[in-house]
Number of protein chains: 2
Amino acid sequence: MSNQTHETMLEMFRQSRDGFLSGMMISEKLQVSRTAIWKHIRKLEAAGYEFEASTKLGYRLTFEPDYWNLEHLRHVLANSTEKQRDIHLLEEVASTQNVAKALAEEGAQEGTLVLAEQQLNGRGRMGRNWVSPKGKGIWMSMVLRPSMPIHCAPQLTLLTAVALCQGLRESTSLPIGIKWPNDLLVEGKKISGILLESSAEDERLKYVIAGIGISVNMNAADYGDESLLERATSLRLAAGEPFGRERLIAAFIAQWDHLYELYKSEGFEPIRELWQSLSVSLGKPVRLTTPMESFLGTPLELLPSGALSVKREDGSVIPVFSAEMGEPH
Amino acid sequence: MSNQTHETMLEMFRQSRDGFLSGMMISEKLQVSRTAIWKHIRKLEAAGYEFEASTKLGYRLTFEPDYWNLEHLRHVLANSTEKQRDIHLLEEVASTQNVAKALAEEGAQEGTLVLAEQQLNGRGRMGRNWVSPKGKGIWMSMVLRPSMPIHCAPQLTLLTAVALCQGLRESTSLPIGIKWPNDLLVEGKKISGILLESSAEDERLKYVIAGIGISVNMNAADYGDESLLERATSLRLAAGEPFGRERLIAAFIAQWDHLYELYKSEGFEPIRELWQSLSVSLGKPVRLTTPMESFLGTPLELLPSGALSVKREDGSVIPVFSAEMGEPH
């Protein structure tokens, strides 16, 4: 009954002329109490819908999440990539990475996608949490089976950052840049994170799980802790309008397929050049922190190995393979 | 009752002057039929014991497996390494690698050892099977948590080969050499295989499982397929005498701890030099097979990256990161 009431309410909002519906009007139409209406609104908000509330005018529906639709997603992807791929759409999951890893262990094909409306325990770099509320973002993992030596894995991380940056720039026109190695920023704030988990036997990759989190349609309230908004934002907050998630995925996949073929045929050089042109991490002093030390330096360029060339304060230039990059103070 | 009978029989063999006991004598002593004796002998053989059978003299016990004893192993290890480590001794397991991987995912400490008397589904390089009969070899996996970039993993594979080669040379005096990247050979036949499985996040290793299989006390019959003996052998077959497994493990661990510290403090260079001095793969033509191609070439040296420098037939010199090495025809 509740779902039926929700659908009826949403339909009433969609058909209202100025968008506003008074609580009294809804309660009369649906023959339920004002308190019941308020509870329904709260439930819809928890499911990703957003309402503007006015004491005079009542409620207005301001945002509807675009829930995954497998057929629709397949259709959108078929328009932008030729590759056939398995797609797993999940309602709620601890982490899409873990699901994709289990599928890879069972032999899942290259390109297999795992998407969830909501992650309860999304993972970022260095074991950090990743906020992934329902219906508001892209929480996705892709299975890769690169027949490559293990030292290619960091290059695949950089390739994924380039593909996502180009796909999102194209779809949103936002000035998105790459912070080394694979965070995407808009106006200095993080809108997307990438985490590549590799499994290797001796010197050869067995499979790689590319995890991608994109804060698409989150509003300020979705971040819970307001202080997060100093460092993070969503495409919707940055652009002032929401975006359809399926088109963003399709744009990323098209870029990824193209760059992956380029990488396999021509090596890392073209990826390296693209990464450098999209990066916001070169030429400015930063603090680099490794498990061993923390030091100041200026990133000069991306090396052919995928390492970052950094000029230290004493003038020496060293390759940095892995570190956390932060503000220089 | 059966175990009691086995113990009594084994004790009779151990105390017999020339080693031989007639079936009749055993059957009288134990008050069981000759057929029952024959069945007990078969069961003991399946458990790793070996008997010589003579129509005139009866049976003689020629080999007793040294089953794992946790307290004893701890004691032997304590004499050769200072590190405290968790040790998991298992009777029978599909693969020690899988057990160690599950322990690593649950947070097992660096150095954690998993040993099995028998592997039912032992794994080698490239998904190959690894023959691992009961009580006759060392089937072991070690959990590592190197705080290192991902490109160090192949160097750890080479380091493990050096540690095992030196440990076994020291313990057996056999002329053991390393076939690139990490097989150990004696007189051209394989006596040990190493498989390092790495798990990484982006450009950083999360954990590495070092799998080590050593054919210690296998006799010709343990190989089943006789043709295997053209390519494989055991320490016992090569030296003409059996070896205590605990001492071999202790010798390996002592070498490994030493080389790991050396690697962490001085980098790959000293490991590279040791590997080269122990290798039997340099300077002779070989066939190298990758997923992409198969070609003839002569390995010249190990490069600082851990790749093999190979001179191709056309005179060009290329780095080979990953390949199967075989005979040049």
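Lettering follows sequence order; numbering is per chain, from 1. Since the model is a prediction, treat every value here as computed from it, not as a measurement. Values reported hereafter were calculated over all heavy atoms of this structure, with side chains retained and with hydrogens, waters and symmetry mates removed.
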query = B:Lys101 versus chain A, heavy atoms under 4.5 Å apart: side chain, backbone, both or neither?
reply = side chain
task = Under 4.5 Å heavy-atom distance to chain A, tell me which part of B:Met148 shows up: side chain, backbone, both or neither.
result = neither
key: Best-contacting candidate, A:Pro154, A:Ser305, A:Ser198, A:Ser199, against chain B by heavy atom pairs under 4.5 angstrom   = A:Ser198
Largest heavy-atom contact set with chain A, pairs under 4.5 Å, which of B:His151, B:Met292, B:Gln155, B:Lys206 = B:His151
query = Near A:Glu261 CD, under 6.0 Å, is it more than 12 heavy atoms from other residues, nucleotides or ligands?
reply = yes
request  = Under 4.5 Å heavy-atom distance to chain A, tell me which part of B:Gln97 shows up: side chain, backbone, both or neither.
outcome  = neither
query = Is there a donor-acceptor pair under 3.5 Å between the side chain of B:Arg169 and the backbone N or O of B:Leu164?
reply = no
message = Between A:Asp202 (side chain only) and A:Arg204 (backbone N and O only), is there a donor and an acceptor less than 3.5 Å apart?
response = no
request  = Decide if atom NZ of A:Lys311 counts as having more than 12 heavy atoms of other residues, nucleotides or ligands within a radius under 6.0 Å.
outcome  = no
ask   = Cation-pi between B:Arg287 and B:Phe295: NZ/CZ under 6.0 Å from ring centre and within 45° of the ring axis?
value = no
